[in-house]
Amino acid sequence: MKKATLIIILLTTIFGLSTSLSAQQNPDPLLQRDPLMEADAKHNLDVAWQAFRLKKAYKGVLLRFEETFAAYPDFSKMDEFLYLAGMSCYYLSENKGKQKVDLKSERDKEKYNPQKMRQEAELYFGLIIEKYPDSKYIDEARQMLEKLRNPR
């Protein structure tokens, strides 16, 4: 029992230090971030990046994003997650990636309809522009939004 308590105190201290160090990047200094939720969200983001880059598993990226956004919308790297979700929606609307959209399947037809995916991509890129004007993804979000609104 003492070991478990010591481990919890140690983890809380470590997460507390990393949160205070990253607080300098926090756009809203009054917002207190939950270190355990931050760690969980960061893990989901890391897994999403792997699914995006290595596996081209865009459905998986969206599932991780939706889970994280629902549980912890104040995640410090939500702009990055919005970018991944937007790009995944865009690629799914083009039926790219290893997880193909089967429009004969009722579930896929409803959830991954190409028009719906483009609308969601627009929403995610728009949120980056609106809520995270200092994001490193802002230029790409603007370009993608333009591309989605004015297809060739």
Side-chain angles (χ1 to χ4, degrees), residues 11 14-152:
L11 287 174
I14 290 170
F15 283 124
L17 288 176
S18 67
T19 301
S20 66
L21 291 175
S22 67
Q24 296 171 357
Q25 299 171 354
N26 185 356
D28 184 358
L30 299 178
L31 182 64
Q32 295 296 314
R33 300 202 190 277
D34 181 328
L36 294 176
M37 294 295 285
E38 277 288 313
D40 188 46
K42 176 71 169 90
H43 171 75
N44 276 347
L45 179 61
D46 291 342
V47 171
W49 269 115
Q50 287 181 357
F52 186 82
R53 284 188 181 135
L54 303 176
K55 299 178 183 176
K56 310 261 186 269
Y58 305 124
K59 290 179 181 180
V61 172
L62 289 179
L63 290 173
R64 288 284 178 165
F65 167 74
E66 291 164 359
E67 174 186 312
T68 303
F69 191 78
Y72 191 52
D74 294 327
F75 177 40
S76 63
K77 295 185 177 193
M78 191 54 73
D79 62 322
E80 190 172 336
F81 230 145
L82 285 165
Y83 172 76
L84 273 182
M87 291 304 298
S88 294
C89 286
Y90 173 72
Y91 289 141
L92 285 170
S93 77
E94 301 282 315
N95 205 20
K96 294 182 179 176
K98 293 183 180 174
Q99 295 176 312
K100 298 295 183 188
V101 174
D102 178 11
L103 294 177
K104 293 178 184 173
S105 158
E106 280 302 313
R107 184 180 185 282
D108 273 12
K109 187 176 183 179
E110 183 179 327
K111 184 166 175 86
Y112 302 110
N113 176 293
Q115 183 60 33
K116 181 180 178 193
M117 289 289 93
R118 284 189 288 277
Q119 289 172 344
E120 286 187 23
E122 282 187 46
L123 173 69
Y124 298 146
F125 293 131
L127 281 171
I128 293 170
I129 293 166
E130 180 184 323
K131 290 186 144 197
Y132 306 96
D134 297 328
S135 172
K136 68 180 183 180
Y137 298 98
I138 193 87
D139 292 334
E140 291 176 75
R142 285 188 179 119
Q143 289 172 358
M144 288 305 299
L145 203 51
E146 178 69 25
K147 185 176 188 171
L148 286 162
R149 291 181 176 165
N150 300 310
R152 295 179 186 179

- Run the numbers on Tyr112 and Leu103 for side chain to side chain contact (heavy atoms under 4.5 Å, CB included), then give the verdict. CA-CA 8 Å; Tyr112 302 110; Leu103 294 177; 5.8 Å; no
Flag side-chain contact, heavy atom, 4.5 Å: [X] against [Y]:
X: Lys77; Y: Lys42; value: yes
X: Pro114; Y: Asn95; value: no
X: Glu67; Y: Tyr72; value: no
X: Leu63; Y: Glu66; value: yes

- Query: Using the ring of each side chain (for Trp, its six-membered ring), is Tyr83 parallel, tilted or perpendicular to Tyr137, with breaks at 30° and 60°?
  - Reply: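 Judged by the thresholds at 30° and 60°, the geometry between Tyr83 and Tyr137 is parallel.
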Tell me the closest heavy-atom pair linking [X] and [Y], and the distance in Å.
X: Ala71; Y: Pro73; result: C-CD, 3.8 Å
X: Ala48; Y: Arg64; result: CB-CB, 4.2 Å
X: Gln99; Y: Ala57; result: OE1-C, 3.0 Å
X: Arg53; Y: Lys56; result: O-NZ, 3.3 Å
X: Phe75; Y: Ala41; result: CD1-CB, 3.4 Å

- Message: If the threshold is 4.0 Å, N to carboxylate O, is there a salt bridge linking Asp108 and Lys59?
- Response: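 Answer for the salt bridge query: yes.
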- Message: Check this for me: does any side-chain nitrogen of one of Lys116 and Glu120 sit under 4.0 Å from a carboxylate oxygen of the other?
- Response: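 Salt bridge present between Lys116 and Glu120.
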Would you give the length of the straight line joining atom [atom1] of [X] to atom [atom2] of [Y], rounded to the nearest 0.5 angstrom?
X: Glu140; Y: Leu145; atom1: CD; atom2: CG; result: 13.0 Å
X: Lys131; Y: Met78; atom1: NZ; atom2: CE; result: 9.0 Å
X: Asn113; Y: Leu92; atom1: CG; atom2: CG; result: 11.5 Å
X: Asn44; Y: Thr68; atom1: CG; atom2: OG1; result: 3.5 Å
X: Asn150; Y: Lys147; atom1: CG; atom2: NZ; result: 12.5 Å
X: Arg142; Y: Ile129; atom1: CZ; atom2: CD1; result: 5.5 Å

- Verdict with supporting geometry, Leu84 and Trp49, side chain to side chain contact (heavy atoms under 4.5 Å, CB included): CA-CA 8 Å; Leu84 273 182; Trp49 269 115; 3.6 Å; yes
- Over 12 foreign heavy atoms within 6.0 Å of CD, Gln115: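 Check passes, neighbour count above 12.
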- Query: Would one find more than 12 heavy atoms of other residues, nucleotides or ligands at under 6.0 Å from atom NZ of Lys109?
  - Reply: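 Not more than 12 within 6.0 Å, no.
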- Message: Looking only at the aromatic ring of each residue, does the gap between the centers of Tyr90 and Phe125 stay below 6.0 angstrom?
- Response: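 They do not qualify: ring centres at least 6.0 Å apart.
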- Query: Any donor and acceptor pair, going by atom type alone, linking the side chain of Glu122 with main-chain N or O of Arg149 inside 3.5 Å?
  - Reply: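 Checking the backbone N and O of Arg149 against the side chain of Glu122, no donor-acceptor pair under 3.5 Å is found.
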- Message: With side chain to side chain contact (heavy atoms under 4.5 Å, CB included) as the criterion, how do Leu62 and Met117 come out once you've worked through the C-alpha distance, each side chain's angles and the decisive distance to 0.1 Å?
- Response: CA-CA 11 Å; Leu62 289 179; Met117 289 289 93; 4.1 Å; yes
